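On a predicted model such as this, the values are computed, not experimentally measured, just so you know. Proteins get letters first, then strands, A, B, ... in listed order; numbering begins at 1 in each.
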There are 2 protein chains.
Amino acid sequence: MEISTKLRYGARALAELGLTYPKRPVPARELAEQQGLSVKYLEHILSALKAAGIVNSKRGMSGGYELARSPEQITMKAVFNALEGSTAPVKCVENPEICSQYDDCPTRPVWEELRDSIDGVLGSTTIADLTERIRSSAKYGKTTYQI
Amino acid sequence: MEISTKLRYGARALAELGLTYPKRPVPARELAEQQGLSVKYLEHILSALKAAGIVNSKRGMSGGYELARSPEQITMKAVFNALEGSTAPVKCVENPEICSQYDDCPTRPVWEELRDSIDGVLGSTTIADLTERIRSSAKYGKTTYQI
DNA sequence: CTGTTCTCCTATTATAATGATATGAAAGAT
DNA sequence: ATCTTTCATATCATTATAATAGGAGAACAG
Ligand code: FES
Ligand code: FES
């Protein structure tokens with residue numbers, strides 16, 4: 001039960017976007033360099049984040065991506081849902097049809113508890129929290145990254 | 001981030017084994033019939049549970065599988081670990097080498113929180129809880145299953 | 001001792017999900 | 001016009017999951 005690289009990379013990119021918010025949009029190329037990722041792959045991720053209304057984009061020179069709302073207003077739950085889908089660890093929690101003995105399933109309550117617990121953690125963390133960690137990190141200031 | 005069918009099926013099988021504990025071992029065939037699963041696939045799952053010390057097995061006629069400890073002593077965390085691996089949603093939480101910017105990673109704390117939260121839920125649920133749900137279920141008694 | 005029931009071991013296959021790359025069109029800025 | 005960037009879509013490689021298959025070997029009942 002691991003999260004995808006999309007979510008890993010996407011969350012870090014958003015944390016960086018929190019640094020520049022609301023000063024300027026950051027091009028995918030720049031974010032990709034920072035993380036040592038392929039630009040094309042990150043574009044894919046940012047595209048999903050845009051579809052979810054988490055980032056806005058501007059084309060052309062001095063364009064790029066920026067947070068659609070303030071970092072405090074973007075929870076990790078929204079990010080998770082955008083890049084990873086549901087937080088329910090089994091489909092039947094949300095689509096009862098899938099499992100046969102749904103009504104009397106002794107394990108489903110456990111999976112529901114798990115989902116709620118995950119939602120709790122992700123719902124109480126925002127991009128602002130991530131960005132704050134970058135600001136207070138040892139390397140911050142040494143980076144070539146310009147705000 | 002979904003759990004595997006191994007865990008889904010395995011957890012339900014263990015809940016059933018809680019019913020017969022400590023009366024008699026139940027053959028894989030019987031458990032598979034109940035869930036409408038292939039015997040061979042369930043054997044595979046039970047084998048993993050045995051390797052983890054969660055069930056014992058007896059060969060030959062009137063053999064089968066039984067819980068290695070009392071249902072109250074088997075947590076869902078142990079079952080999860082046996083069938084699904086670590087509860088950490090990213091490898092770097094437990095293997096720092098994997099991620100590049102490990103030390104200053106702004107997102108890792110979130111994944112650690114997730115792991116702890118998942119551990120909390122799974123650690124506080126036991127097979128006995130699952131078995132109890134079967135006992136108090138509507139269909140219980142109507143089933144052909146004999147203790 | 002013989003047949004039956006069952007676990008146990010290992011190999012194989014099918015299918016799906018993930019991770020990643022590639023190509024180029026459309027839009028915006030100067 | 002030209003450069004920069006998003007955007008849309010297609011493709012490929014790799015891995016993980018799900019499931020099946022065949023048969024060896026233990027336990028036991030008669
Ligand atoms: S209803 Fe889906 S695992 Fe029980
Ligand atoms: S250290 Fe692995 S996601 Fe940050």
Side-chain angles (χ1 to χ4, degrees), chain A residues 1-13 17 20 24-33 35-68 80 82-86 89-91 98-99, chain B residues 1-10 12-13 17 20 24-33 35-68 80 82-86 89-91 98-100:
Chain A
M1 205 176 66
E2 283 194 20
I3 61 171
S4 64
T5 55
K6 278 193 184 182
L7 180 53
R8 279 226 319 280
Y9 303 159
R12 294 216 292 225
L17 287 183
T20 61
R24 68 169 179 98
V26 182
R29 173 185 42 76
E30 203 170 326
L31 292 166
E33 271 169 20
Q35 293 196 43
L37 295 181
S38 143
V39 179
K40 284 297 176 188
Y41 194 38
L42 194 57
E43 271 180 4
H44 218 33
I45 296 170
L46 289 163
S47 160
L49 289 172
K50 167 161 187 172
I54 291 172
V55 299
N56 287 330
S57 60
K58 257 187 172 176
R59 297 208 217 191
M61 194 175 259
S62 82
Y65 293 88
E66 62 191 352
L67 299 183
F80 189 103
L83 297 177
E84 196 80 17
S86 166
V90 282
K91 295 208 179 82
I98 294 167
C99 267
Chain B
M1 204 175 69
E2 282 193 22
I3 61 171
S4 64
T5 56
K6 277 193 184 182
L7 179 53
R8 279 226 318 280
Y9 303 159
R12 293 217 292 225
L17 287 182
T20 62
R24 68 169 179 99
V26 181
R29 174 186 43 76
E30 202 169 327
L31 292 166
E33 271 169 21
Q35 293 196 44
L37 293 181
S38 142
V39 179
K40 284 294 180 188
Y41 193 38
L42 194 57
E43 272 180 2
H44 225 301
I45 296 169
L46 288 163
S47 160
L49 288 171
K50 168 161 188 174
I54 291 172
V55 300
N56 287 332
S57 61
K58 257 188 173 175
R59 296 208 218 191
M61 194 176 261
S62 82
Y65 293 89
E66 63 191 351
L67 299 183
F80 189 103
L83 298 177
E84 196 80 16
S86 165
V90 283
K91 294 208 180 82
I98 294 167
C99 267
S100 42

J.: Taking all atoms of both residues into account, what is the closest heavy-atom pair of B/Ala68 and B/Gly53, and its distance?
T.: CB-O, 3.4 Å

J.: Hey, is the main chain of B/Leu7 close enough, under 3.5 Å, to the side chain of B/Glu84 for a donor-acceptor pair?
T.: no

J.: Hey, which of these two, B/Glu43 or A/Leu42, hits DNA chain C nearer its 5' end, going by closest nucleotide?
T.: B/Glu43

J.: Given atom CD of B/Glu66 and atom P of C/dC6, what is their separation to the nearest angstrom?
T.: 15 Å

J.: Name all residues meeting the salt bridge (charged side-chain N to carboxylate O under 4.0 Å, His left out) criterion together with B/Glu43; count only those two or more places apart in sequence or in a different chain, and write none if there are none.
T.: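 Salt bridge (charged side-chain N to carboxylate O under 4.0 Å, His left out) check on B/Glu43 returns B/Lys40.
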
J.: Applying side-chain hydrogen bond (donor to acceptor under 3.5 Å, both in side chains), can you list everything that pairs with A/Thr5, at least two apart in sequence or on another chain?
T.: A/Tyr41

J.: Between B/Arg24 (CZ) and C/dC6 (C1'), how many Å, whole number?
T.: 14 Å

J.: Quick one: A/Leu7 CG to C/dA17 P, roughly how many Å, whole number?
T.: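 Taking CG of A/Leu7 and P of C/dA17, I get 18 Å after rounding.
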
J.: For B/Pro89, enumerate each residue passing the side-chain contact (heavy atoms from CB on, under 4.5 Å) test, keeping only those at least two apart in sequence or located in another chain.
T.: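 In terms of side-chain contact (heavy atoms from CB on, under 4.5 Å), with neighbours along the sequence ignored, B/Pro89 is linked to A/Ile3, B/Met1, B/Trp111, B/Leu114, B/Arg115.
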
J.: Give the rounded distance in Å between these two atoms: NZ of A/Lys6 and C1' of C/dA20.
T.: 11 Å

J.: Figure out the CD/P separation between A/Glu2 and C/dA17, and round it to whole Å.
T.: 17 Å

J.: Measure from the side-chain heavy atoms of B/His44 and tell me the nearest of C/dT7, C/dA22, C/dT10.
T.: C/dT10

J.: When we call it a touch if two heavy atoms are under 4.0 Å apart, what does B/Thr5 touch: a base, just sugar-phosphate, or nothing?
T.: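 Sugar-phosphate only.
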
J.: State which residues pass side-chain hydrogen bond (donor to acceptor under 3.5 Å, both in side chains) with A/Glu66; sequence neighbours excluded, sorted by chain then number.
T.: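 side-chain hydrogen bond (donor to acceptor under 3.5 Å, both in side chains) list for A/Glu66, sorted by chain: empty.
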
J.: Tell me, do A/Ser38 and A/Gln35 make a side-chain contact under 4.5 Å, heavy atoms counted?
T.: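 The answer is no; the side chains never approach within 4.5 Å.
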
J.: Can you name the atoms? Protein N/O to nucleotides 27-30 of chain C N/O, anything below 3.5 Å, with the distance.
T.:
residue, atom, partner, partner atom, Å
C/dA27, O4', A/Arg59, NH1, 3.1

J.: Can you sort out the partners of B/Glu2 under salt bridge (charged side-chain N to carboxylate O under 4.0 Å, His left out), two or more places apart, ordered by chain and number?
T.: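 For B/Glu2, the residues satisfying salt bridge (charged side-chain N to carboxylate O under 4.0 Å, His left out) (neighbours in sequence not counted) are A/Lys91.
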
J.: If the condition is side-chain hydrogen bond (donor to acceptor under 3.5 Å, both in side chains), which residues does B/Ser62 pass it with, not counting sequence neighbours?
T.: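 B/Ser62 satisfies side-chain hydrogen bond (donor to acceptor under 3.5 Å, both in side chains) with no other residue.
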
J.: Going by the rule side-chain hydrogen bond (donor to acceptor under 3.5 Å, both in side chains), which residues pair with A/Ser57 if we only count those two or more places apart in sequence or in a different chain?
T.: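 Scan of A/Ser57 (side-chain hydrogen bond (donor to acceptor under 3.5 Å, both in side chains), adjacent residues dropped) gives A/Lys50.
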
J.: With the side chain counted from C-beta on, respond yes when B/Leu46 and B/Leu31 share a heavy-atom pair under 4.5 Å apart, and no when they do not.
T.: yes

J.: Do A/Thr20 and A/Leu67 come within less than 4.5 Å of each other through their side chains, counting heavy atoms only?
T.: no

J.: Once you round it to whole Å, what is the distance between P of C/dT18 and OH of A/Tyr9?
T.: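 Roughly 14 Å, once rounded to whole Å.
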
J.: For the pair made of CE in A/Met1 and P in C/dA17, what is the distance, rounded to whole Å?
T.: 17 Å

J.: With the threshold set at under 4.0 Å for non-hydrogen atoms, list the residues of residues 48-55 of chain B touching DNA chain D in residue-number order.
T.: none

J.: Does B/Ala82 have any side-chain contact (heavy atoms from CB on, under 4.5 Å) partners at least two apart in sequence or in another chain, and if so, which?
T.: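 side-chain contact (heavy atoms from CB on, under 4.5 Å) list for B/Ala82, sorted by chain: B/Leu49, B/Ala52, B/Ile54.
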
J.: State, to the nearest 10°, the angle formed by the axis through the first five base pairs of the helix from C/dC1-D/dG30 to C/dT30-D/dA1 and the axis through its last five.
T.: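 Axis-to-axis angle, ends of the helix: 10°.
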
J.: Along DNA chain D, 5' to 3', what are the outermost nucleotides having an atom less than 4.0 Å from a heavy atom of chain B?
T.: D/dA18 to D/dA29

J.: When you compare the side chain of B/Tyr65 with that of B/Val26, does any pair of heavy atoms fall below 4.5 Å?
T.: no

